[in-house]
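Right, one structure below, let's go through it.
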Amino acid sequence: MTEATSRGARSSLERRGIVVGVDGSDQSYCALAWAAREARQRRVPLHVVTAYTVPVFAASSMDAGYATLDDAVIREGAEAVLEQAVARVKGMDVEVLGSVETGDAAGVLLELSEQAELVVVGTRGRGGFMGRLLGSVSSAVPAHAKCPSVTIPLSCASRLEGVDIEPPKTKDIPVRPEDVERVVLVGVDGSEQARAATLVAAEQASRWGLPLRVVCALPPFTGSLAWVPAPLDREALYADIKAQLDAGVAWLSSHFPGLRITGEVQDGAPVELLIEATGKVELLVMGTRGRGGFAGMLLGSTSQGVLHHARGPVMVVPDVYDPRLEDRKNFGSLPDEG
């Protein structure tokens, strides 16, 4: 069933569906395809939304004031984009709600995120809905959304159902569907927020029937770590982190007893490891903040680097309280935690 509405569609989101932003670009169609598959998997409505603003420019005549473009003309264009997007997912056995919104694209998505269970965006778009990506929209949504958000790069078009789009030509080797490991990966750094992200990642892995891999990065001893005197210290640190990571996996398994969960400590720069992983796994999950090691300063250096260069879907989980975190202390903690 398809229902085209404007702001009235927001009341329908009491059912906590999935929101996806479209603007007619290939990037947004990739996001649409991923979101439609996910809505079908979760059996929830898909809210397809496009947004526009009416440009205001200084009048060129001697008269003071400003001139505006005709709102009706711009809205007609937005409605055409919406109709084309809705038509693309018509046969995917999912309830579709469509709406044209007025206002800043990032603001529209963030407002909708208060009711949705997931917001999906592409990594770039044209100027109308998702322009300046990765700029205002794809940085603002992961950083400030009230629900998890997923960013879909154009480079993973060949991995998506119903997408007939030629991936962009880059110097990177294209990601082939057969080279993608059927696993969900989540990055952790011992922070409370990263733990919350592992719970969401475990839910997603369970929903897809895939194993979950929990990864903690151990960066090279440079900069602030250059004072560490000997390789033995690094080996001891590695062993300590691995032990605590295993404890974290045990805690997670207590909440998801039927899910296959493994933990790994990997050597290398967090951004590089995560970017490489995006081309090899079904989904990478990160938190919005951390203690600086793996997912710190989001949306700062780590997350910006990952989102700018990801070759596969990336889910960012907001910093929200989860009662399941209460018993985490019973399973141990990372060395520097209080």
If you compare all heavy atoms of [X] against all heavy atoms of [Y], which two are closest, and at what distance to 0.1 Å?
{"X": "Leu185", "Y": "Ala277", "result": "CD1-CB, 4.3 Å"}
{"X": "Ala205", "Y": "Leu259", "result": "CB-CD1, 4.0 Å"}
{"X": "Gly24", "Y": "Ser28", "result": "N-OG, 3.5 Å"}
{"X": "Gly312", "Y": "Arg159", "result": "CA-NH1, 3.4 Å"}
{"X": "Leu46", "Y": "Ala39", "result": "CB-CB, 4.0 Å"}
{"X": "Cys30", "Y": "Leu160", "result": "O-CD1, 3.4 Å"}

Query raised in the report: Ion pair present between Arg324 and Glu192, side-chain N to carboxylate O less than 4.0 angstrom?
Result: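 Here Arg324 does not pair with Glu192 in a salt bridge, since their nearest N and O are not under 4.0 Å apart.
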Query raised in the report: Is Lys242 paired with Glu264 through a side-chain N to carboxylate O contact shorter than 4.0 Å?
Result: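 No, Glu264 and Lys242 are not salt-bridged.
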So, taking the atom named [atom1] in [X] and the one named [atom2] in [Y], what distance separates them when rounded to the nearest 0.5 Å?
{"X": "His309", "Y": "Leu274", "atom1": "NE2", "atom2": "CG", "value": "12.5 Å"}
{"X": "Arg260", "Y": "Ser206", "atom1": "CZ", "atom2": "OG", "value": "13.5 Å"}
{"X": "Gln266", "Y": "Glu276", "atom1": "CD", "atom2": "CD", "value": "8.5 Å"}

Requested in this report: Check whether more than 12 heavy atoms from other residues, nucleotides or ligands sit under 6.0 Å from atom CD of Glu272, and answer yes or no.
Outcome: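 Open: at most 12 neighbouring heavy atoms sit under 6.0 Å from CD of Glu272.
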Quick one: does [X]'s side chain get under 4.5 Å of [Y]'s, heavy atoms only?
{"X": "Leu97", "Y": "Glu95", "answer": "yes"}
{"X": "Leu212", "Y": "Val183", "answer": "no"}
{"X": "Met315", "Y": "Val200", "answer": "yes"}
{"X": "Val94", "Y": "Val96", "answer": "yes"}
{"X": "Val285", "Y": "Val184", "answer": "yes"}

Donor-acceptor pair, distance only, cut-off 3.5 Å: does the side chain of [X] make one with the backbone of [Y]?
{"X": "Tyr238", "Y": "Val265", "value": "yes"}
{"X": "Ser113", "Y": "Lys146", "value": "yes"}
{"X": "Thr50", "Y": "Leu82", "value": "no"}
{"X": "Ser253", "Y": "Phe256", "value": "no"}
{"X": "Gln193", "Y": "Pro318", "value": "yes"}
{"X": "Gln41", "Y": "Arg207", "value": "yes"}

Query - Thr151 and its side-chain contact (heavy atoms from CB on, under 4.5 Å) partner, picked from Val121, Leu284, Val316 - result: Val121
Requested in this report: Give the intermediate values and the outcome of side-chain hydrogen bond (donor to acceptor under 3.5 Å, both in side chains) for residues Trp208 and Glu38.
Outcome: CA-CA 9 Å; Trp208 286 353; Glu38 188 63 18; 3.0 Å; yes
Query raised in the report: Do Arg88's NZ or CZ and the ring of Tyr29 fall within the cation-pi criteria of under 6.0 Å and 45°?
Result: yes
